[in-house]
Structures are given as structure tokens and as C-alpha cells.
Amino acid sequence: MPETKKRSFFSQRICRFCNDDQSKVYIDFFDVKALKPLISERGKIVPSRISGNCAKCQRILTRAIKKARTIALLPFAVEH
């Protein structure tokens with residue numbers, strides 16, 4: 001019996017931070033409204049395959065979230 005592989009086709013997501021100008025991407029760590037949807041319910045950073053960010057913007061976003069956590073604008077983890 002040949003094994004069949006399930007293929008899932010995802011729609012191509014567009015990076016929300018770099019529209020036309022890739023060289024001028026700046027994500028402000030004080031902008032909590034922009035960073036909040038990119039953190040899961042448990043306080044983890046959402047990966048780029050789910051959020052749709054490009055690799056460059058995901059690295060910048062990660063640094064911004066970590067800076068915002070350090071100065072207590074965003075939580076490190078959610079208490080239960």
C-alpha cells in the first residue's frame with residue numbers, strides 16, 4: 001500500500017511591517033498596540049510562519065518585544 005502524504009496549502013501571508021520599503025523597517029518597542037497581537041495568550045512570541053512576517057522583520061520584532069518586556073510594558077509570562 002503506497003503511503004499518501006497530506007499536503008496543506010497555506011495562503012501566502014504578507015509581512016505587515018515592510019510594505020514597499022524593506023530598508024526602512026523600524027518597529028518601536030513603545031508601541032504596545034502593535035506588539036500585543038504578536039504575543040500569544042501565554043506570553044510567547046508568535047512565530048513568523050503564523051504571523052506572516054518576513055525573517056528580517058521577525059528579528060526586529062523579537063528585539064522590540066524583548067526590550068518592551070525589560071521595561072515592563074509587556075509581560076514575560078501570564079500568571080495563573
Side-chain angles (χ1 to χ4, degrees):
M1 230 191 275
E3 291 183 32
T4 59
K5 292 183 180 180
K6 288 185 178 180
R7 290 189 183 188
S8 58
F9 297 99
F10 296 105
S11 62
Q12 183 67 28
R13 295 189 180 204
I14 301 168
C15 180
R16 67 178 81 183
F17 297 109
C18 57
N19 296 331
D20 295 328
D21 235 355
Q22 277 244 335
S23 61
K24 297 182 181 178
V25 177
Y26 178 71
I27 302 168
D28 191 18
F29 60 92
F30 282 113
D31 190 10
V32 179
K33 285 186 179 180
L35 299 178
K36 200 87 161 166
L38 297 166
I39 297 177
S40 70
E41 297 171 354
R42 301 185 60 95
K44 294 183 175 183
I45 300 171
V46 176
S48 63
R49 68 183 181 326
I50 295 174
S51 66
N53 294 329
C54 65
K56 180 180 178 181
C57 292
Q58 185 71 19
R59 286 191 299 268
I60 297 169
L61 174 75
T62 302
R63 279 189 226 116
I65 289 174
K66 288 179 180 180
K67 280 184 185 180
R69 284 176 176 168
T70 304
I71 60 174
L73 295 174
L74 293 174
F76 277 98
V78 180
E79 292 184 25
H80 291 273

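Keep in mind it's a predicted model, so treat the numbers as computed, not measured.
- Proximity of Cys54 to Ser48: side-chain heavy atoms (C-beta onward) are nowhere separated by under 4.5 Å.
- If you take CD1 on Ile27 and CD on Gln58, they are separated by 8.5 Å, rounding to the nearest 0.5 Å.
- Partners of Ile39 by side chain to side chain contact (heavy atoms under 4.5 Å, CB included), not counting sequence neighbours, listed by chain and number: Ile65, Leu74.
- Leu38 and Ser51 make their closest contact through CD2-CB, 3.9 Å (heavy atoms, listed as atom of the first residue, atom of the second, distance).
- Evaluation of the side chain to side chain donor-acceptor pair (under 3.5 Å) test over residues 60-73, restricted to residues two or more places apart or in two chains, returns none.
- Rounded to the nearest 0.5 angstrom, Arg16 CZ and Leu61 CG are separated by 8.5 Å.
- Through side-chain heavy atoms spaced under 4.5 Å, either directly or across other Ile, Leu, Val, Met, Phe, Trp or Tyr residues, Tyr26 is tied to no other residue.
- Summarising the geometry, atom CD1 belonging to Ile45 is positioned 13.0 Å from atom CD1 belonging to Ile50; distances are rounded to the nearest 0.5 Å.
- Contacts of Leu73 classified as side chain to side chain contact (heavy atoms under 4.5 Å, CB included), with partners at least two apart in sequence or in another chain: Phe30, Val32, Ala68, Ile71.
- Remark: side-chain polar atoms of Ser40 are paired, donor with acceptor, to backbone N or O of Lys44 under 3.5 angstrom.
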